Amino acid sequence: MKRTAYCATFTENDIGRRVTVMGWVQKYRNLGGVLFVDLRDRSGILQLTFHSERNTELFEKASQIRNEYVIAATGVIAARGPKDINKNMVTGKIEVLCDELRILSKSETPPIYVDDRANTNEAARLKYRYLDLRRPEMQQALYMRHRIVQSAREFLNQNDFLEIETPILTKSTPEGARDYLVPSRVNPGTYYALPQSPQIYKQLLMVSGFDRYYQIARCFRDEDLRADRQPEFTQIDIEMSFVNTEDIMEVNERLIAKIFKDILNIEIPRPLPRMTYQEAMERFGSDKPNIGFGMELVNVSDIAAACDFKVFRSAVENGGSVRLINAKGCADKYSRKEIDALGEFVKTFNAKGLAWLAVGEDQHKSSFAKFLKPEETDAFIRKAQGEPGDLLFFIADSDNTVFDALGNLRLEVARKIGILEDIKDRFNLLWVTEFPLLEYDEEEKRYVAKHHPFTSPMDEDLHLLDTDPLKVRAKAYDLVLNGTELGGGSIRIHRTEMQNKMFELLGFSQEEAENRFGFLLEAFKYGTPPHGGIAFGLDRLVMLLTGRKSIRDVIAFPKVQNASCLMSGAPSKVDQKQLDELKIRNVE
RNA sequence: GGCCCGGUAGUUCAGUCGGUUAGAAUGCUAGCCUGUCACGCUAGAGGUCGAGGGUUCGAGUCCCUUCCGGGUCGCCA
């Protein structure tokens with residue numbers, strides 16, 4: 001018995017043909033004298049029929065069939081009667097009149113439904129992931145993932161990029177995320193780290209002269225999980241030599257455009273819009289703004305500075321700002337209780353409070369009206385272009401807090417009033433450029449790299465490196481899709497002196513820099529081309545292109561929030577013998 | 001590490017003010033049924049109410065602790 005073809009590939013053109021199909025029993029319907037089986041494989045579903053009057057013995061055998069049995073059936077493709085056509089099925093006009101049946105393997109009653117309509121709890125789905133993956137929805141997601149990777153590979157291959165693998169067992173570089181460590185048996189007491197990204201290796205490949213590199217690279221970061229963050233994830237990792245920012249953006253716009261064309265048949269307008277980091281923060285309160293809708297931030301610090309409301313005035317006096325967003329027509333959509341809830345919401349972003357003002361025809365309601373002169377209130381409304389029915393939300397704080405809180409509030413309000421749902425099928429791509437090179441880490445009391453320590457500062461800002469490092473902008477860029485960071489990259493430092501300068505700014509002693517990145521600095525001594533690159537989060541890209549809410553839905557075997565795998569039980573304890581070999585002892 | 005939501009039959013859920021033997025749908029098992037397509041009809045089996053402790057005459061329900069899952073802040077160069 002040899003399979004003729006996948007179930008859902010047969011059509012009316014095959015009527016009369018004798019075929020063999022194999023797959024899983026999606027559903028059986030035994031009507032007494034006639035039995036229908038919906039047979040499923042990765043292509044879809046095909047109906048098989050067995051008649052007791054045609055072949056009693058075969059019918060008896062078919063009656064043994066239960067859901068999720070794996071069977072092989074042979075028969076003749078037949079047209080269904082006019083009344084029996086199922087318009088909801090791709091193969092709804094045909095069926096297989098079976099004359100042979102083999103039960104290849106039985107199935108116990110499945111613990112979860114293999115059905116897209118089931119709405120099963122995710123924990124149960126993950127425990128029985130191999131069953132969950134039988135669902136068409138999941139098959140589709142992984143098929144799309146495959147096609148997206150193929151599309152990217154095709155583009156990169158055609159554009160002279162070489163796919164090169166880099167080590168998984170690498171050297172720990174404590175900057176950045178927490179490393180996953182792997183003990184060395186041969187060198188007791190020492191550890192490999194799993195790569196957070198192939199960053200240093202791809203730069204070394206540029207030193208080696210490969211000029212254009214890519215890799216569908218697995219990356220590992222031991223940090224807490226989110227809906228869009230897994231401890232191991234995949235990047236489309238790219239690096240190029242003898243290029244500037246423009247060159248890299250240009251190639252990658254073409255890459256992304258090809259993927260959108262291939263996968264969704266959508267033409268991406270090129271060149272993609274660009275926005276500086278500064279502008280993104282000022283207008284949207286985010287370095288990954290969702291530009292699909294307005295409700296932009298409005299700076300009202302000038303009015304606030306002159307008013308009698310102390311919360312507003314002192315924020316400006318302390319070097320911060322007062323900004324607002326205008327929730328158009330929301331004055332009657334939010335109850336006091338809901339506004340209070342938004343107040344709690346912004347507190348999670350360290351805002352001290354949320355001031356609000358509901359614009360009326362001639363009388364306004366607000367949380368702070370009594371502190372303001374009417375003309376000051378009017379000035380706020382005018383600057384916010386407020387009209388009766390609008391609801392203004394104010395945050396007064398340091399710029400960073402105001403941006404963070406208002407940027408997130410903007411998204412929260414948009415979610416609540418349905419804007420995000422309305423625009424989810426549109427794809428708004430943009431580049432965010434000119435990121436700050438450094439930020440100040442309050443905990444560590446030192447500067448840390450915003451992107452990574454190999455990012456080149458902008459030439460225009462080099463003079464600020466010693467005087468005002470926080471003002472230095474980097475040759476760094478992120479690609480943002482609908483408010484999600486799809487990828488980011490930079491032009492790298494390719495001169496030893498500049499790299500040393502950078503390490504110095506980050507507070508590394510010569511010795512530390514040598515210890516951590518010495519091999520890179522050494523490599524840079526022997527002729528390094530100017531180079532730069534980018535990495536895209538493949539999981540996020542697939543998630544957005546397939547409209548899923550979590551990257552878990554586009555990863556075959558994902559981990560849950562505590563970084564464990566519900567199916568395999570990893571991580572797990574190991575034999576004492578294994579630990580002994582590694583010279584490792586658990587402590588309480 | 002903090003905060004929020006959830007955990008009752010294989011699955012999805014209901015369970016009122018703390019009160020009789022914890023229900024429904026679906027799935028499962030059996031019987032009937034010759035054109036169904038989430039077939040239909042009849043009957044049946046199926047429960048550590050996540051776990052432990054407490055309050056009470058009595059706890060799925062109230063309290064405490066804990067485990068598990070999700071979201072989120074911190075974290076994620």
Side-chain angles (χ1 to χ4, degrees), chain A residues 26-39 45-54 59 66-68 78 80-89 91-92 95 97 107-128 131 173-179 196-197 199-200 219-231 233 341 344-350 404-405 408 412 435 437-439 441-444 447-455 474 476 485 488 490 502 506 516-517 535 537 549-550 552 559-562 564 566:
Chain A
Q26 175 67 37
K27 196 81 192 167
Y28 64 94
R29 293 176 291 279
N30 189 339
L31 275 62
V34 60
L35 190 153
F36 301 98
V37 173
D38 290 342
L39 189 69
I45 285 173
L46 180 63
Q47 177 167 280
L48 314 178
T49 64
F50 299 88
H51 294 85
S52 61
E53 65 185 19
R54 284 165 176 260
F59 188 87
R66 293 293 178 268
N67 288 347
E68 301 307 322
R80 297 198 197 182
K83 284 182 207 158
D84 301 327
I85 289 172
N86 184 341
K87 290 183 183 123
N88 299 322
M89 271 174 89
T91 56
E95 60 191 355
L97 300 177
S107 168
E108 290 186 16
T109 303
I112 61 172
Y113 293 127
V114 180
D115 191 325
D116 284 347
R117 291 165 296 198
N119 184 34
T120 307
N121 176 287
E122 195 178 359
R125 286 173 49 205
L126 289 175
K127 180 167 181 188
Y128 300 100
L131 296 181
T173 54
E175 273 297 272
R178 194 175 293 112
D179 284 322
Q196 297 174 27
S197 80
Q199 184 59 38
I200 293 175
C219 305
F220 306 86
R221 295 178 190 177
D222 187 4
E223 297 292 349
D224 286 353
L225 284 72
R226 289 286 189 281
D228 61 355
R229 265 170 30 196
Q230 284 275 307
F233 59 99
E344 290 304 310
F345 176 79
V346 298
K347 278 180 190 165
T348 63
F349 303 99
N350 289 323
D404 197 22
N408 280 292
E412 180 67 16
F435 276 78
L437 182 71
L438 303 163
E439 353 176 65
D441 186 314
E442 289 294 343
E443 259 180 42
E444 295 198 43
Y447 296 118
V448 295
K450 175 111 184 155
H451 185 53
H452 58 53
F454 317 111
T455 301
E485 179 196 330
S490 62
M502 186 69 183
L506 296 175
R516 293 179 183 188
F517 305 111
K549 288 202 168 60
S550 162
R552 292 190 296 272
K559 295 184 173 55
V560 298
Q561 201 157 8
N562 68 4
S564 69
L566 295 181

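Note on naming: letters A, B, ... go to the chains in the order of the sequence lines (proteins, then strands), and numbering restarts at 1 for each one. Here the structure is a predicted model, which means the values were calculated and not measured.
A/Ser490 contributes no side-chain N or O that, together with a main-chain N or O of A/Ala476, makes up a donor-acceptor pair within less than 3.5 Å. One N or O on the side chain of A/Asn408 and one on the backbone of A/Asp404 form a donor-acceptor pair closer than 3.5 Å. Judged by distance alone, the side chain of A/Arg178 and the main-chain N or O of A/Asp222 form a donor-acceptor pair under 3.5 Å.
Not a single donor-acceptor pair, N or O on each side, falls under 3.5 Å between the base of B/U72 and the side chain of A/Glu412. Under 3.5 Å, the side chain of A/Glu223 and the base of B/G74 form no donor-acceptor pair of N or O atoms. One cannot find a donor-acceptor pair under 3.5 Å joining the base of B/C75 and the side-chain atoms of A/Arg221. For A/Arg226 against B/G74, a side-chain N or O and a base N or O form a donor-acceptor pair under 3.5 Å. Contact annotation: side chain of A/Arg80 to base of B/C37, donor-acceptor pair present below 3.5 Å. A/Arg54 contributes no side-chain N or O that forms a donor-acceptor pair with the base of B/U34 under 3.5 Å.
For A/Phe50 and A/Phe36, the gap between ring centers reaches or exceeds 6.0 Å.
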Atom pairs, protein N/O to nucleotides 2-5 of chain B N/O, distance under 3.5 Å:
none

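Counting any heavy atom pair closer than 4.0 Å across all strands shown, A/Pro111 reaches sugar-phosphate atoms only and no base atom. Nucleic acid contact class of A/Ser564 (heavy atoms, under 4.0 Å, all strands): sugar-phosphate only. Across all strands shown, A/Phe349 has heavy atoms under 4.0 Å from sugar-phosphate atoms exclusively, and none from any base.
The CD atom of A/Gln196 lies 9.5 Å from the CD atom of A/Glu175; values are rounded to the nearest 0.5 Å.
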Under 4.0 Å protein heavy-atom contacts per nucleotide of nucleotides 24-29 of chain B, with B for base, S for backbone only and - for none:
--BSSS

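Contact annotation: A/Arg29 does not reach the phosphate of B/U36 (side-chain N/O to OP1 or OP2, under 4.0 Å).
Atom P of B/G1 sits at a distance of 32 Å from the matching atom of B/G10, rounded to the whole Å.
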